[in-house]
There are 2 protein chains.
Amino acid sequence: MKQANSMHVTLQDVARQAGVSAKTVSRVVNNQGEISEDTRVRVQAVIEQLGYRPNYLARSLVSQRSHSLGVVTAGLEHHGPSHTLAGIEQESYKLGYSLLFSLLPEPDVPNIAPVLDNFVARRVDGIIWAVAEIQNNRAWIRPEVLVNLPPIVFLSMAPRAGLSIVAVDNRDGGMQAAQHLIDIGRKKVGMISGPLGWWEARERLAGGRQALEAAGVECSPSLVSEGDWSAASGARCMRQLLERRPDIDAIFAGNDQMALGALGVAHQLGRRIPEDIAVIGFDNIPESDSFWPPLSTIHHQLFEAGCISVNVLQKMIELRLHGRDHAPVLPTILTTSLIVRASTVSVSQLERN
Amino acid sequence: MKQANSMHVTLQDVARQAGVSAKTVSRVVNNQGEISEDTRVRVQAVIEQLGYRPNYLARSLVSQRSHSLGVVTAGLEHHGPSHTLAGIEQESYKLGYSLLFSLLPEPDVPNIAPVLDNFVARRVDGIIWAVAEIQNNRAWIRPEVLVNLPPIVFLSMAPRAGLSIVAVDNRDGGMQAAQHLIDIGRKKVGMISGPLGWWEARERLAGGRQALEAAGVECSPSLVSEGDWSAASGARCMRQLLERRPDIDAIFAGNDQMALGALGVAHQLGRRIPEDIAVIGFDNIPESDSFWPPLSTIHHQLFEAGCISVNVLQKMIELRLHGRDHAPVLPTILTTSLIVRASTVSVSQLERN
DNA sequence: TATACTTGCGTCAGCGCTGTCGTTATCGCT
DNA sequence: AGCGATAACGACAGCGCTGACGCAAGTATA
């Protein structure tokens, strides 16, 4: 007989049926206040009988907290964003937050105002900005904009004063990769970088350069080619590099997909991996272990970055609630680790066989 | 001077400042009713000056529509789910819906009640169930449960009466793959299937079997091995198959990752692709074009499946609003297409070279 | 027995917004 | 001048819930 107008059972419905006030039902639902075991049981029974589900929207309206977080990301088809998102989701769930999800069609959408407006309109408690920093797609980040927004955590961007940032140490990862190639005795290291509009691509490349220069190994522009993260671009770059510099004996690719493309070209041109050319990638995607040959790479903790960002955000939300807002925010930088597989083997080890 | 208690500018604030009633501001915001150009401009100015943003929660509370959809998925790290999600997001945005996102840690979570409860509590207008059908993880789908939920669309599951379903024709895709291997003259086709708990894996395998049997090509259990979708499992299965049946001249892998693993083992064992063994995968992940050799595969429209599911859901929501609820729901089945690359070449073509 | 305190609940207002139904002021028309 | 029609707004209630407060009955203390 109900159902008709509101479609949902309300607190009032339960209260009427149980012969108590709405407030008492509210207390039972929220486990608060002093309630006799008697009424608690009775109300609980009615709740189940009627199939009552609280309306979080109404609750949020009065409590001024939605217990939801806005997440903005782009390029879910890539390894990084999807793993980070998984980490964000898991941690949010643990902390009792729901996720409002917004996916940008590309990372450098010019006008992000609608996305932010939507989050504000839905009164999210905080925002996680998990879009890679490319070109000047972070130009909108200005104090006068941020002040009208809930707390925000930024993922994978260059540290900046006053912002909460969680990022992977791409530069150090790049150094590790190049250093490994040096360690196994390679002298002519070609580098296939990601698109240089991306901060992460620049960092990885810079790290590689730094290691090469420190070791006194050649590091000229003719040894660098810019891809777009895709395997196809990796193949293109590889061909270009080998044409320019046939003496190349190692490749550092900005990600595993491009490394895959490079491997394919090497096979096609009859270059043996790792005897003629050693190859190392970046990201440690699951498939890289099954490339031919299995790919050495740099592992970084994207899932963990997602988890951490949620925790940082949670703390910021608490702080704002308690008034203390301008607490110092330290960027969190996650370290990378080297994974050595068959695609890189030291020269001396090769000679031994 | 405001800000202190409510943190947000409200309709009332704007109304006071503009010297009109709250209702008038509401009319301006929603572009409804008769308003003189004069007041409209004046109110608009105050809105901008104060930085007013409507509170969708309050609006939803009275309008009984949240303009949000709940999406449940699992295994975002895989190609399928992430692409489908991208399609869902794009189409939802177009139709003015926001996405509430829930990620299951694994596809066969025993208790999905919390997820559904959360969606109901947040009053989503509809739900998209984008979790693969595996084992009996759809046992919860019973009429008495569904009746208490908003409209739901199910992705990639076996058609079932009374449910709205959007799925890819995995069986036909499997047939296309096997038929292609037959067409290029292969006689001993090994099959590396996905985990057989998955409906999609069973369908692909069944399609392959069907094509082989129809062509009178051998199709015995010794030619089938069960993987877990991962490249590593593909390698394991490949080794096992070649050990059991050294006469294999073709492989149909349940997805591209497992095909990648198979390729690696073939290289390792010195079998030439495609001369000795032709390999075809399933999914058409971007990298498959850069495998060595480039992988033939079955393409299916996952992104489109996401888009379609949102549109179907939208229609269901409209129907329920207008009372007519029990309209017939037809399953949407998307067709697949064959992509031929270097990993499968006809015997005759090989002989010509 | 009077006082203070606790337990167990109800009353009421209000979160921010919109739908319904007024109420004026103005206009055109006879 | 008198009438109805329209335009342009405001008053009010209520969506479902919770926080602040109140109040009666029971319990402990002096």
Side-chain angles (χ1 to χ4, degrees), chain A residues 2-44 46-47 50-67 120-125 321, chain B residues 2-44 46-47 50-67 120-125 321:
Chain A
K2 183 117 211 334
Q3 292 289 84
N5 48 354
S6 99
M7 185 72 188
H8 286 279
V9 181
T10 75
L11 261 191
Q12 288 291 353
D13 299 329
V14 177
R16 252 192 302 275
Q17 181 81 5
V20 295
S21 77
K23 180 70 226 203
T24 300
V25 181
S26 167
R27 277 191 265 254
V28 171
V29 171
N30 297 300
N31 244 337
Q32 62 163 216
E34 318 272 350
I35 293 254
S36 74
E37 196 51 32
D38 213 43
T39 46
R40 178 186 302 280
V41 171
R42 189 154 38 91
V43 170
Q44 199 57 261
V46 176
I47 285 177
L50 262 49
Y52 166 74
R53 324 268 192 108
N55 185 333
Y56 285 7
L57 301 181
R59 187 181 288 180
S60 297
L61 190 59
V62 16
S63 71
Q64 303 277 29
R65 290 201 57 179
S66 65
H67 285 278
V120 173
R122 299 196 122 92
R123 296 297 190 263
V124 297
D125 293 337
L321 278 181
Chain B
K2 195 155 200 301
Q3 293 288 84
N5 47 354
S6 98
M7 185 74 188
H8 286 280
V9 181
T10 76
L11 261 191
Q12 288 290 353
D13 299 330
V14 177
R16 251 191 302 276
Q17 182 81 5
V20 295
S21 76
K23 179 71 229 205
T24 300
V25 180
S26 166
R27 277 192 266 254
V28 171
V29 171
N30 298 301
N31 241 339
Q32 61 162 219
E34 319 269 353
I35 293 254
S36 74
E37 197 51 32
D38 213 43
T39 47
R40 179 186 301 280
V41 171
R42 189 154 38 93
V43 170
Q44 199 57 260
V46 176
I47 286 178
L50 261 51
Y52 167 73
R53 324 266 191 109
N55 184 333
Y56 285 7
L57 301 181
R59 186 181 287 178
S60 298
L61 189 58
V62 15
S63 71
Q64 303 277 26
R65 290 200 59 180
S66 66
H67 286 279
V120 173
R122 298 197 124 89
R123 297 298 190 263
V124 297
D125 294 336
L321 278 181

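All values reported here derive from a predicted model rather than from experimental measurement. Quick note on labels: first sequence line is chain A, next is B, and so on, each numbered from 1.
- Remark: C1' of D/dT18 and CG of A/N31 are 15 Å apart, rounded to the nearest angstrom.
- Rounding to whole angstrom units, CZ of residue B/R40 and P of D/dA7 are separated by 14 Å.
- Following rounding to the nearest Å, B/R16 (CZ) and D/dG10 (P) show an atom-to-atom distance of 14 Å.
- The side-chain heavy atoms of B/V20 and B/V25, taken from C-beta on, include a pair separated by under 4.5 Å.
- When the nucleotides D/dC15, C/dC15, C/dG10 are ranked by their closest atom to the side chain of A/L61, C/dC15 comes out on top.
- Rounded to whole Å, atom C1' of C/dC15 lies 13 Å from atom CG of B/D13.
- When distances are taken from the side chain of A/E34 to each of C/dG8, D/dC15, D/dC9, the shortest belongs to C/dG8.
- Spacing between atom CD of B/Q64 and atom C1' of C/dG16 amounts to 15 Å, rounded to whole angstrom units.
- The interatomic distance linking A/L57 (CG) with C/dG16 (P) rounds to 15 Å, in whole Å.
- Close to D/dC17, at under 4.0 Å from its OP1 or OP2, lies no side-chain N or O of A/S63.
- For the residue pair B/P54 and B/R59, the shortest heavy atom distance occurs at CB-NH2, 3.5 Å.
- In terms of heavy-atom proximity, A/V14 sits nearest to A/Y52 at CG2-CB, 3.7 Å.
- Considering only the side chain of A/T24, C/dC9 comes nearest among C/dG16, D/dG10, C/dC9.
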**Request:** Go through A/L57 and B/Y56 one step at a time and tell me if the side-chain contact (heavy atoms from CB on, under 4.5 Å) criterion holds.
**Result:** CA-CA 9 Å; A/L57 301 181; B/Y56 285 7; over 6 Å; no
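- Closest contact between the side chain of A/T39 and the listed nucleotides C/dC17, C/dC9, D/dC17 involves C/dC9.
- The CD-P distance, from A/Q12 to D/dT18, rounds to 12 Å in whole Å.
- For A/K23, the side-chain atoms get nearest to D/dG19 when compared with the rest of C/dT18, D/dG19, D/dC17.
- Each of B/A58 and B/I35 lies near DNA chain D, and the nucleotide nearest B/I35 is the one positioned closer to the 5' end.
- Mapped onto DNA chain C by nearest heavy atom, A/R123 and A/S21 fall at different nucleotides, with A/S21 at the one closer to the 5' end.
- Residue B/Y56 places no side-chain N or O under 4.0 Å from the OP1 or OP2 atom of C/dC15.
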**Message:** Test side-chain contact (heavy atoms from CB on, under 4.5 Å) on A/Q17 and A/D13; report intermediate values, then the result.
**Reply:** CA-CA 6 Å; A/Q17 181 81 5; A/D13 299 329; over 6 Å; no
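- Checked against C/dG14, C/dC17, D/dA7, the side chain of A/V62 finds its nearest nucleotide in C/dG14.
- Counting heavy atoms from C-beta on, the side chains of A/H8 and B/V120 come closer than 4.5 Å.
- Within the 4.5 Å cutoff, side-chain heavy atoms of A/N55 are placed close to those of B/L61.
- Look at A/S26 and you'll find a side-chain N or O under 4.0 angstrom from OP1 or OP2 of D/dT18.
- The listed nucleotides are D/dC17, D/dG16, D/dT18; the one nearest the side chain of A/N30 is D/dT18.
- Applying the 3.5 Å distance criterion, the base of C/dG10 shares a donor-acceptor pair with the side chain of A/R27.
- B/H67 places a side-chain heavy atom less than 4.5 Å from the side chain of A/R122.
- Rounded to a whole Å, the CG atom of B/D38 is 17 Å from the P atom of D/dA7.
- DNA chain D is contacted by both B/R42 and A/Q32; B/R42 maps to the nucleotide lying nearer its 5′ end (nearest heavy atom per residue).
- Remark on the helix from C/dT1-D/dA30 to C/dT30-D/dA1: inter-end axis angle 50°, axes from five-pair C1' superpositions, rounded to 10°.
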